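Below: one structure, written as structure tokens.
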Amino acid sequence: LENVKKGIFTLAERLYGICFELCRTIEPYHPDVETYEVYDADKSFLAVLYVDFFPRKSKQSGAWMSNYREQYIDDNGEDIRPHVSITMNFSKPTEQKPALLTLGEVETFLHEFGHALHSILSKVRFESLSGTNVWWDFVELPSQIMENFVIEPEFLNTFATHYITGEKLPKELIERVIASQNFQCGMACARQISFCLLDMAYYTRTEKLQEDIIEFEQEAWKRAQLTEQIPKTCMSTQFGHIFSGGYSAGYYSYKWAEVLDADAFEYFKSNGIFNPKIAKSFREHILSKGATAHPMELYTAFRGTRPTIDALLKRNGIK
């Protein structure tokens, strides 16, 4: 975990020139929580970041990013900087071993850290438009683009070493991991789209639903179903995202954000994943702007063109 944390903080420093300084004068809300002050390249203060890594009694499972204070400019013209937290549930270190993370957990760290950067680097007038307060189908771009780094050898080689021997990840292992990323990706894509279709089928209704739920479900997503559904199963009864999780009529945003993050990261990859010029553009047009302009305007200002699905198909090994 310590290596991963250093690697991810250093990645932000290489991309955006910012640095993270452990702060012992701000008391965290729990002894396990670490508090960092974040500074820009010119040493100006950007944010306070709380990092909450480990599970404990009464703590919710999963991972998320939160704001305790949003960025805004007050009536006196002062730039009020945000207080941000990222929360995860990684295994704690023991006396014998440090906290060891799976590849998926590193990806989760990068994801939530991307959300945090969206708030940390915000620079807008109104609190309601700052940071992650953007259109729902745009909010996952800053988080998901960070996930792309997790299988990039140039990034992995900066921190990913064996916790005992110090040996770097073998090239062959990285190649196997990359190859495994696309296992059944076509099926996974169709499955995700089927959920989007089901979501829209519910929330575009204008009359009360009275038909059999399973029949309604099968009709709603039949255009994306490639295999026969297991009898007497029902996705709707466990589809918490659209009934209690805030994604009602918006579940498609996951797939749309994949289009955006793949297209944006392809721009990085074609010019160097640590390219400072492209990173500066991403910060200026995406991370700092919040919801002060239409998302497509922000994206095209960064990328110079509208997104296409080509990069996603390429990443998935389909094209």
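This one's a predicted model, so the numbers in the text were calculated from it and none came from an experiment.
Here the two rings, on Y267 and F282, have centers that are 6.0 Å apart or farther. You'll find the ring centres of F274 and F155 outside the 6.0 Å limit. Ring pair F20/F113: centre-to-centre distance below 6.0 Å.
Residues Y202 and S236 come closest through the heavy atom pair OH-OG, 2.6 Å. Nearest heavy-atom pair, V124 versus S288, reported as atom, atom and distance to 0.1 Å: CG1-O, 3.4 Å. Between Y203 and S248 the shortest heavy-atom distance is CZ-CB, 3.3 Å. Scanning both residues, G290 and L298, for their nearest heavy atoms gives O-CD1, 3.5 Å. Closest approach of L169 to L173, counting heavy atoms only: CD2-CD2, 3.6 Å. Contact record, G131 with S122: N-OG, 3.1 Å, taken as the closest heavy-atom pair.
Using cut-offs of 30° and 60° for the angle between ring planes, the Y36 and F9 rings count as perpendicular. Classified by interplanar angle (parallel below 30°, tilted 30° to 60°, perpendicular above 60°), the ring pair F243/F239 is perpendicular. The aromatic rings of Y251 and H241 sit perpendicular to each other, their planes meeting at more than 60°, with 30° as the lower class boundary. The aromatic rings of F53 and F90 lie parallel to each other, with less than 30° between the two planes, well short of the 60° mark.
Looking at heavy atoms from C-beta onward, F109 lies in side-chain contact with I86 at the 4.5 angstrom threshold. Looking only at side-chain heavy atoms (C-beta outward), P307 and W256 come within less than 4.5 Å of each other. Side-chain atoms of H294 and W135, non-hydrogen and from C-beta on, do get closer than 4.5 Å to each other. Between K92 and D32, the closest side-chain pair of non-hydrogen atoms falls below 4.5 Å. Looking at L11 and L110, their side chains come closer than 4.5 Å, going by heavy atoms from C-beta outward. Residues L22 and T35 are not in side-chain contact: their nearest non-hydrogen atoms beyond the backbone lie 4.5 Å or more apart. Considering only heavy atoms from C-beta on, V38 stays 4.5 Å or farther from E21 through its side chain. Within the 4.5 Å cutoff, the side chain of L121 has heavy atoms near those of the L46 side chain.
Side chains of Y254 and Y247: a donor on one and an acceptor on the other come within 3.5 Å. Side-chain contact check for S61 and N89: no donor-acceptor pair (N or O, by modelled atom type) lies under 3.5 Å. At a cut-off of 3.5 Å, with distance as the only test, a side-chain donor of N3 or T161 sits close to an acceptor on the other residue. Checked by atom type, the side-chain pair H115/S143 shows a donor-acceptor distance below 3.5 Å. A donor-acceptor contact closer than 3.5 angstrom is absent between the side chains of E105 and T108.
The 12-atom threshold is not exceeded at NZ of K222, counting heavy atoms of other residues, nucleotides or ligands nearer than 6.0 Å. Residue-environment remark: CD1 (I309) stays at or below the threshold of 12 foreign heavy atoms within 6.0 Å. More than 12 heavy-atom neighbours from other residues, nucleotides or ligands sit within 6.0 angstrom of CZ on R205. More than 12 heavy atoms of other residues, nucleotides or ligands sit less than 6.0 Å from atom CD of E211.
Checked by atom type and distance alone, the side chain of Q229 pairs as donor or acceptor with a backbone atom of T233 at under 3.5 Å. Between the side chain of N275 and the backbone N or O of K277 there is at least one donor-acceptor pair closer than 3.5 Å. Remark: side-chain polar atoms of S119 are not paired, donor with acceptor, to backbone N or O of A116 under 3.5 angstrom. A donor-acceptor contact shorter than 3.5 Å is absent between the side chain of Y16 and the backbone of L117.
Every salt bridge (charged side-chain N to carboxylate O under 4.0 Å, His left out) that E34 has, sequence neighbours left out, goes to K5. Residues forming a salt bridge (charged side-chain N to carboxylate O under 4.0 Å, His left out) with D75 (at least two apart in sequence, or on another chain): R125. With sequence neighbours excluded, the residues forming a ring pair (Phe, Tyr, Trp, His ring centres under 6.0 Å) with Y39 are F45, listed by chain and number. Every residue two or more places apart in sequence or in another chain was checked for a ring pair (Phe, Tyr, Trp, His ring centres under 6.0 Å) with F138, and none qualifies.
The CG atom of N316 lies 4.5 Å from the CG atom of L312; values are rounded to the nearest 0.5 Å. Atom CZ of F265 and atom CD1 of I273 lie 5.5 Å apart (nearest 0.5 Å). Atom CG of residue L141 and atom CD1 of residue I286 lie 5.5 Å apart, to the nearest 0.5 angstrom. The distance from atom CD1 of I213 to atom OG1 of T237, rounded to the nearest 0.5 Å, is 9.5 Å. Summarising the geometry, atom CG belonging to L101 is positioned 5.0 Å from atom CG belonging to L1; distances are rounded to the nearest 0.5 Å.
For residues 178-201, no residue pair satisfies the side-chain hydrogen bond (donor to acceptor under 3.5 Å, both in side chains) rule, not counting sequence neighbours. Screening residues 144-159 for side-chain hydrogen bond (donor to acceptor under 3.5 Å, both in side chains), with sequence neighbours left out, gives H111-E147, Q144-D261, N148-D261, N148-R315, E152-K269.
Linking Ile, Leu, Val, Met, Phe, Trp and Tyr whenever their side-chain heavy atoms come within less than 4.5 Å leaves V51 and L100 in two separate clusters. By the criterion of side-chain heavy atoms lying less than 4.5 angstrom apart, applied directly or through intervening Ile, Leu, Val, Met, Phe, Trp or Tyr residues, F54 is grouped together with M88 in one hydrophobic cluster. Linking Ile, Leu, Val, Met, Phe, Trp and Tyr residues whenever their side-chain heavy atoms come within less than 4.5 Å leaves M235 and I214 in two separate clusters. No path of Ile, Leu, Val, Met, Phe, Trp and Tyr side chains, each step under 4.5 Å between heavy atoms, connects L49 with V33, placing them in separate hydrophobic clusters. The same ILVMFWY cluster, assembled from side-chain heavy atoms under 4.5 Å apart, contains both V259 and Y252.
N67 pairs in a side-chain hydrogen bond (donor to acceptor under 3.5 Å, both in side chains) with only one of the listed residues (Q71, E70, R69), which is E70.
Between D40 and R283 there is a salt bridge, since at least one side-chain N of the basic residue sits less than 4.0 Å from a carboxylate O of the acidic one. We find that R306 and D263 are not joined by a salt bridge, their nearest charged nitrogen and carboxylate oxygen being 4.0 Å or further apart.
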Candidate pair V134 and H118, rule side chain to side chain contact (heavy atoms under 4.5 Å, CB included), full reasoning: CA-CA 10 Å; V134 296; H118 204 176; 4.1 Å; yes

